[in-house]
Amino acid sequence: MTTPAPTPDLACDDLLPDDPARRAHPVPLVLLHGFPLDRTVNREVARQVAGVRRVLNVDLPGFGESPAVGAFSIPDLARHVRHFLMRKGALPCVLGGLSMGGYVALAYHRLFRADLRGLVLIDTKAEADTPEAKANRDRMIDIANREGSAAIARLMLPRMMAPAHSTPGHPLVQRLMEVMSACPAETVAVALAAMRDRDDYLQDLLTTDLPVLVVTGEHDVITPPSLGEQTAARCRRGRFARIDGAGHMAPLERPEAVAGAIRSFLADVH
Ligand code: MLT
């Protein structure tokens, strides 16, 4: 277990609805990005949901424009997010996470359930890494340390988006490559170890009394839609949305469809 450093001020888009009645809604949506990414991948979804709720779109420590905190575990990231949200007066909230951000959201739920009014799990899963996945994390850590973030980005890119968005020269390929390559290699290595060592959160998710929205891209090969749909069906208050034409980066690939699913979920979450 690591000893978390004090929480720095995290970079965040804090977006408010124009309509004063909606602005006053006491339960904002918080969005956490995936690995090795930053809040720009969720930015369009955040902007579109901010028509109906306050949205805080956060850079996790060490990612994007947020300062690094040294070594961290997935629960450490959840603790940092909580300190930050307390400072921002953003609790209780609906907590949403894309892929690694979903792992952080699930760790947050285990630690601080009382802060939450709902969970939005996007292109992610509750299960821990398999032994094969853990061995692959070790290989990736070695590559990050020896060759840097661009090498990790090149390895990951082909599996990140739907075939239609993965063609050479596609603007989304370029954008994702830039974001992934900009992630500091130290953060990449620490995050890989944190994901490798994360707990299994499936039982927590299946037994929670919170409303849960599971969102998965139709062509997501990392966390397939069949898994998302089954998980949502097993949750006590689960709902599933498949995002047609998207892969593992649904918020980047089809932001309007992801925002639509979240907006309709939020209409029932108070
Ligand atoms: C992510 O997009 O955050 C990663 O695919 C998560 C993972 O590697 O498990």
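Hydrogens, waters and symmetry mates are skipped; everything else that's a heavy atom, side chains included, is used. Just so it is clear, the structure is predicted and the values come from calculations on it, not from any experiment. Numbering of ligands and ligand atoms starts at 1, following listing order.
- Protein heavy atom at the shortest distance from atom 9 (O) of ligand 1 is Y103 OH, 2.5 Å.
- Under a 3.5 Å cut-off, the side chain of D199 and the backbone N or O of Y201 do not form any donor-acceptor pair.
- Close contacts between ligand 1 and M195 involve ligand atoms 6 (C), 7 (C), 8 (O), 9 (O) [criterion: under 4.0 Å to a heavy atom].
- If you run salt bridge (Lys or Arg N to Asp or Glu O under 4.0 Å) between K88 and each of D14, D9, D13, only D14 comes through.
- Below 3.5 Å of separation, one finds no N or O of M249 facing any N or O of ligand 1.
- For the residue pair Q174 and E178, no side-chain donor N or O sits within less than 3.5 Å of a side-chain acceptor on the partner.
- For atom 5 (O) of ligand 1, the closest heavy atom belonging to the protein is H248 NE2, 3.1 Å.
- At the shortest separation from atom 6 (C) of ligand 1 among protein heavy atoms lies S99 OG, 3.1 Å.
- Within a 6.0 Å radius of CG in D209, other residues, nucleotides and ligands contribute more than 12 heavy atoms.
- Scanning all protein heavy atoms for the shortest distance to atom 8 (O) of ligand 1 gives R137 NH1, 2.8 Å.
- The protein non-hydrogen atom at the shortest distance from atom 3 (O) of ligand 1 is F35 N, 2.7 Å.
- Ring geometry, F63 versus F72: the interplanar angle falls from 30° to 60°, so the pair is classed tilted.
- Ligand-side atoms of ligand 1 in range of G34: 3 (O), range being under 4.0 angstrom from any heavy atom.
- In terms of modelled atom types and a separation under 3.5 Å, the side chain of S149 and the main chain of A182 share no donor-acceptor contact.
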